[in-house]
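Take a look at the structure below.
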2 protein chains.
Amino acid sequence: MEFSERKRKILKAIVESYVESAEPVGSKAIAESSELNLSSATIRNEMAELTAMGLLEQPHTSAGRVPSHQGYRIYVNELMNEHRLSLEETREINKALKSKVSRLDELLSDAGKVISELTNYPAYAVAAPAQAVRIKRFECVYVDANTVIAVAMLDNNTVKNRIMSFPVGLEEDFVKKLAAVFNANFTGITGDEMSAELISAAEKSTGDSCGAVAALASFAISALAPETVRRTYLAGAPQLLTLPEYRDVDKAHRLLNYLTEETALEKVPDAGENGVKILIGAENVAEELKDAGVVLASYDLGNNMQGVIGVVGPTRMDYAKVAAYLSYIAKEMKQAAKGGEIPRLLEHPAEERNDEQ
Amino acid sequence: MEFSERKRKILKAIVESYVESAEPVGSKAIAESSELNLSSATIRNEMAELTAMGLLEQPHTSAGRVPSHQGYRIYVNELMNEHRLSLEETREINKALKSKVSRLDELLSDAGKVISELTNYPAYAVAAPAQAVRIKRFECVYVDANTVIAVAMLDNNTVKNRIMSFPVGLEEDFVKKLAAVFNANFTGITGDEMSAELISAAEKSTGDSCGAVAALASFAISALAPETVRRTYLAGAPQLLTLPEYRDVDKAHRLLNYLTEETALEKVPDAGENGVKILIGAENVAEELKDAGVVLASYDLGNNMQGVIGVVGPTRMDYAKVAAYLSYIAKEMKQAAKGGEIPRLLEHPAEERNDEQ
DNA sequence: GTTAGCACTCTTGCCCTCTGAGTGCTAAAC
DNA sequence: GTTTAGCACTCAGAGGGCAAGAGTGCTAAC
């Protein structure tokens, strides 16, 4: 049974009709809508063969056909047309990104929101260090004898800080020395490399007796921890409930629960540099996504940071369109992060974040 | 028609039965379960009067009764027993709070999660400054000629920072002077008070010509902005879908959408110091909450920060239990924030946050 | 004032039928 | 050999009717 050109056209028409209507597609509809000029009986024969090949499925005998996961796969790989964004769409994306480009947090969260709105599916945005982050520079701000603010600048152009209080008063000179020793010994180092030996060496060379070195070291370790550095945002989760495939409350609940779990989105794969990846049904690793579709794009944020933005929906998804959106926004975000535009006032673009109480 | 003791008992029994079962309550059930020792016919008469008084409602003629919003109100004000938490419950709450008490972010987010888990309703946690925040101390870390990290410590014991890059190289002494001038002129000041005059005065006294003062000022303004300082967390939103009143996908969608909107939770009222507030149905301001119930508790976080933690659910809620949870956790969070425990390593408890790209 | 009794109401579930969409197969037409 | 008209068949879904059950309100007796 060969996969003739005609079969491809029929499969394509079925996928596209089903994506739009969410209803099983019958032979008559295809015969009428497509420009194949074949009777429904012929289409019917072809559809039977496509079903035998595993590309279509039949909810029940007297219903039309629905694409199988494998059918979607073939559609995505071989049949779908590239979707071109309208001017308005690109404008909307750019507007969302431009406004707050100076903070990665907001960049990610706004990107997720705009994608979710444009596609009507839940969207997520993740940024994670490409390699383990390292400390670039250390500073201790002496506030008063009992209070010091530790500041660490990381190689992903992030600054972390922590207020530390000491019941025993500290000398200002001692605090300066602390910073100097940390700068000398701990820059260029990852969290894993912060060994007990290094720390106790620092303790010796500063003559610390009140735990200041230990406190600083613990701050550094937590600042470098992957959980601290990575950012994940989920937007438009409730959109799920507007989809016919999630009218089933329990099904919706299961997926929403999964998406809301912190760790879920951390596990998403990336798509390789500048690529768009499409995962259909069982191609997803997570059990909860086995009957969903995921489209994601990854991009380089510079400064040792890697971004991933994606969309989660039913397998019946307009993959071409979603992929086009994601590909476009990924490119734009890379641009934005690379400092394509310098915000007013000379602040460093996309290079800051707030560290607070 | 007076509101006799007997009527009160019947109303109480009806509310409690309905809260548990989510099904309209019939006279027979009350006659059997309550220890009033009355026949169902008598109960029936009383129920008819309670309905006439507006405390009960009838979904249709041959169904049982359901408490009206007003009925819940009376129940909450006058009838319900105080719920006592079990040892296990308090232990679970304490466990959730103790682990990460050193970061307000996580304290709030964990508190929301544990409350949502215990009650099976969506929960939210907000922290906002009681009064406009002010800058307590300023610092500029000189990284290299083109890069400075601005650090501002606020009076809510928050530290914000921003990396700034300058195309024109800066002298280290100039950067020191910048910090000194800012410390002299801008401490104790709110965002609103940062006037153009103050800024241009600072420009003059530092002899700044490359926009450094303006950049710093803009950083200070954004660090002091209420949006930047306030924190809101929503946990367990998908729990909504497990409730019988939200089997209706559209209803669930509407409420979820509302809760997920950023601004929704910012508008929640607080409950006065250490109080618990219960808002039933139309008592809520937001249209989307008019057929929901909200229970919230507020507490002082110290350092000019005010916390609110709350739960959103159907009007059919175990108000006594939820109020008890919230009251308990609010007290514990206040304790935790006040530095009830000093974490290992002498770090200042609940006084830090990360500021990052 | 309370309660037993009863007629009445209305929802819910169930079964049945009918309809229509869609199929697969066969045989004829091209 | 391929295409198509025709037809019998299948099955989900909508609609109607029916019985059961829960609950009510009212009346009359206690």
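Order of the sequence lines fixes the chain letters, A, B, ..., with proteins taken first and strands second; residue numbering starts at 1 for each chain. Just so you know, these numbers come straight off a predicted model, no measurement behind them.
Summarising the geometry, atom CZ belonging to B/Arg65 is positioned 3.5 Å from atom OG1 belonging to B/Thr51; distances are rounded to the nearest 0.5 Å.
One side chain, B/Arg44 or B/Ser40, offers a donor N or O that lies under 3.5 Å from an acceptor on the other. Residues B/Glu23 and B/Tyr18 have side chains that never bring a donor and an acceptor to within less than 3.5 angstrom of each other. Side-chain N/O atoms of A/Tyr328 and A/Glu89 include no donor and acceptor closer than 3.5 Å.
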Restricting both atoms to N or O, compile the protein contacts to nucleotides 22-25 of chain C shorter than 3.5 Å, with distance only.
residue : atom : partner : partner atom : Å
C/dG22  : O4'  : A/Ser62 : O            : 3.2
C/dG22  : O3'  : A/Ala63 : O            : 3.4
C/dT23  : OP2  : A/Ser27 : N            : 3.3
C/dT23  : OP2  : A/Ser27 : OG           : 2.7
C/dG24  : OP1  : A/Arg65 : NH2          : 3.0
C/dG24  : N7   : A/Arg44 : NE           : 3.2
C/dG24  : O6   : A/Arg44 : NH2          : 3.2

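Separating the NE2 atom of B/His60 from the C1' atom of C/dT11 is a distance of 5 Å, rounded to the nearest angstrom. Per the geometry, CD belonging to A/Glu23 stands 17 Å off P belonging to C/dG20, to the nearest Å. The CD1 atom of A/Ile43 sits 16 Å away from the P atom of D/dT2 (whole-angstrom rounding). C/dG1 atom C1' lies 8 Å from atom CZ of B/Arg6, rounded to whole Å. Regarding A/Glu46, its CD atom lies at a distance of 11 Å from the P atom of D/dT4, rounded to whole Å. Note: NZ (B/Lys7) to P (C/dT2) measures 10 Å, nearest angstrom.
Taking only side-chain nitrogens and oxygens, B/Thr42 comes nearer than 4.0 Å to OP1 or OP2 of C/dT3.
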For residues 53-63 of chain B, please give each side-chain donor-acceptor pair under 3.5 Å, one per line with the distance, not counting sequence neighbours.
residue : atom : partner : partner atom : Å
B/Gln58 : NE2  : B/Thr61 : O            : 3.1

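Partners of A/Arg84 under the salt bridge (Lys or Arg N to Asp or Glu O under 4.0 Å) rule, at least two apart in sequence or in another chain, do not exist in this structure.
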